[in-house]
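Let me begin by presenting the structure, written as structure tokens, before commenting on it.
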Amino acid sequence: MTCVKNEVHSKLNGTWTKVYPSQIHTQQGSTELMKQLLNTALSSLTYIRAILPEDCYIDRELDGLNIKVLHESNHPLSQGLLRSLKGAYDAIEKKFLKQFIFTIYGNEDDMDSSILESYSFQFSYENGEAGMKIKGHQDLCRFENKVYKSTVMLLRSIFIRTQLLDVLPDEVYMSVNLTYHDDTPEGYEPPGFEACSYPDSIKIDSSEVGKVRTLHHTLKVGLHVQEDRKEESNGKNTAGTDDLIENKTSTMADTEVCSNMNKLDATGSNRKVPCRLSKKKRFSRK
């Protein structure tokens, strides 16, 4: 009796191609995937946290998973976040970006001591060589399906973790910071960013929400929540989050560089370092 192995088919078709690139095994395709993962993850968490109004997003679907994606609008906060993403894209393409850190504060006068939530996106690169070898079509399909599964798990974990958090105060402040790998040229700043001192949001511990690894990149997403707000989510673990592991943010080295968004203020002001994105009024998702 002959045993016939089941043929493996790639899941990178259908709704996947409406959100992410179909060719993720190449250097270019992997880079595009990292950029779009950052976009969809940041868009989804800002939507769930009711930071922006509904009309700042467009709807996408990934095999039944509803995804919100930021798009060009007249809202100054949305415009600022999109500018920060474009700057991060430049750093990803050059393999300089180490962390993209989105932080929400409760007190404009003492921001570093009033961090409510901080989301870190950590990027690593394979230095131009694939981290694993692909032999034949079946191996390629298995690799693509592994990336598909880890992407879906990452998005679901972001949805679950952010939905379990307590409602944000009526007045919050936000910032976007970047850190770079050691081989980044001195003086490099992507469009829209300028050098700044290390904020406390870079030094705090965070728990790992999930990660996606391709042949050329790895993205890890972490979340830090203020201690007295953690009680809201304790004991409310949902399927798919039981295996979340603790991960400390990288120790800051003397050679590392940190950037802060410039001209990213919803009030229209042009403050420099530390430049915070201010939201004076919460917006309803209705």
Side-chain angles (χ1 to χ4, degrees), residues 41-54 56-57 68 70 75-85 99-121 157-179 193 196-209 221-236 246-249 252 258-286:
L42 182 66
S43 298
S44 297
L45 71 89
T46 57
Y47 176 79
I48 294 173
R49 303 305 287 136
I51 291 172
L52 290 167
E54 183 81 30
C56 291
Y57 304 89
K68 296 289 185 178
L70 283 167
H75 197 287
L77 178 52
S78 175
Q79 293 173 350
L81 290 176
L82 287 172
R83 286 198 303 271
S84 74
L85 285 171
Q99 284 183 295
F100 179 104
I101 304 170
F102 175 67
T103 308
I104 303 174
Y105 307 84
N107 187 342
E108 184 179 21
D109 298 324
D110 188 17
M111 287 186 166
D112 287 337
S113 298
S114 64
I115 296 173
L116 301 177
E117 301 168 16
S118 183
Y119 302 84
S120 64
F121 301 83
S157 293
I158 291 173
F159 297 165
I160 293 170
R161 293 288 292 272
T162 51
Q163 286 174 342
L164 290 176
L165 297 175
D166 194 11
V167 176
L168 288 169
D170 289 338
E171 184 175 313
V172 295
Y173 305 85
M174 284 154 268
S175 70
V176 172
N177 295 92
L178 307 183
T179 65
F193 285 83
C196 73
S197 58
Y198 299 133
D200 286 349
S201 58
I202 295 176
K203 306 171 186 177
I204 58 178
D205 295 345
S206 63
S207 61
E208 186 175 297
V209 177
V221 180
L223 166 64
H224 167 83
V225 183
Q226 186 184 54
E227 283 297 328
D228 58 1
R229 292 166 56 80
K230 287 182 179 179
E231 297 177 0
E232 296 295 327
S233 58
N234 287 342
K236 296 183 181 180
E246 292 297 316
N247 179 53
K248 291 182 179 295
T249 54
M252 305 310 298
C258 173
S259 287
N260 197 49
M261 276 302 296
N262 181 25
K263 299 180 183 179
L264 187 64
D265 195 311
T267 63
S269 66
N270 189 16
R271 288 177 289 172
K272 298 295 184 179
V273 179
C275 185
R276 309 299 191 188
L277 193 153
S278 172
K279 181 170 70 71
K280 296 296 185 182
K281 181 180 179 181
R282 290 197 58 228
F283 298 93
S284 172
R285 291 185 289 173
K286 297 181 180 179

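Residue numbers run from 1 in the order of the sequence given. Values below: every heavy atom of this structure, side chains too, minus hydrogens, waters and symmetry copies.
The two residues Ala41 and Ile158 make their nearest non-hydrogen contact at CB-CD1, 3.6 Å.
No side-chain N or O of Tyr173 forms a donor-acceptor pair with one of Ser114 less than 3.5 Å apart.
Scanning for ring pair (Phe, Tyr, Trp, His ring centres under 6.0 Å) contacts around Phe159 gives an empty result, with sequence neighbours left out.
Atoms NE2 and CG, on His75 and Leu82 in that order, are 12.0 Å from each other to the nearest 0.5 Å. Here the SG atom belonging to Cys56 is positioned 7.5 Å from the CG atom belonging to Leu77, to the nearest 0.5 angstrom. Interatomic distance, CZ of Phe102 versus CG of Leu42, reported as 6.0 Å (0.5 Å rounding). Between the NZ atom of Lys68 and the CG atom of Leu45 there is a distance of 14.5 Å, given to the nearest 0.5 Å. Here the OG-CG distance, from Ser43 to Leu81, works out to 8.5 Å after rounding to the nearest 0.5 Å. Residue Asn177 holds its CG atom at 12.0 Å from OG of Ser120, rounded to the nearest 0.5 Å.
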Going through the checks in order, is the side chain to side chain contact (heavy atoms under 4.5 Å, CB included) test met by Leu52 and Leu70?
-> CA-CA 10 Å; Leu52 290 167; Leu70 283 167; 3.5 Å; yes
Side chain to side chain contact (heavy atoms under 4.5 Å, CB included) evaluation trace for Met174 with Thr46 = CA-CA 11 Å; Met174 284 154 268; Thr46 57; over 6 Å; no
Evaluate side chain to side chain contact (heavy atoms under 4.5 Å, CB included) for Leu168 paired with Ile51, printing each intermediate quantity in order.
-> CA-CA 9 Å; Leu168 288 169; Ile51 291 172; 4.2 Å; yes
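With a 4.5 Å cut-off on side-chain heavy atoms, Leu165 and Leu116 do not count as touching.
Remark: side-chain polar atoms of Tyr57 are paired, donor with acceptor, to backbone N or O of Tyr47 under 3.5 angstrom. A donor-acceptor pair is defined here as one N or O able to donate and one able to accept, closer than 3.5 Å; no such pair exists between the side chain of Thr103 and the backbone of Ser175.
Partner of Tyr119 under the side-chain contact (heavy atoms from CB on, under 4.5 Å) criterion, out of His224, Arg161, Arg49: Arg49 alone.
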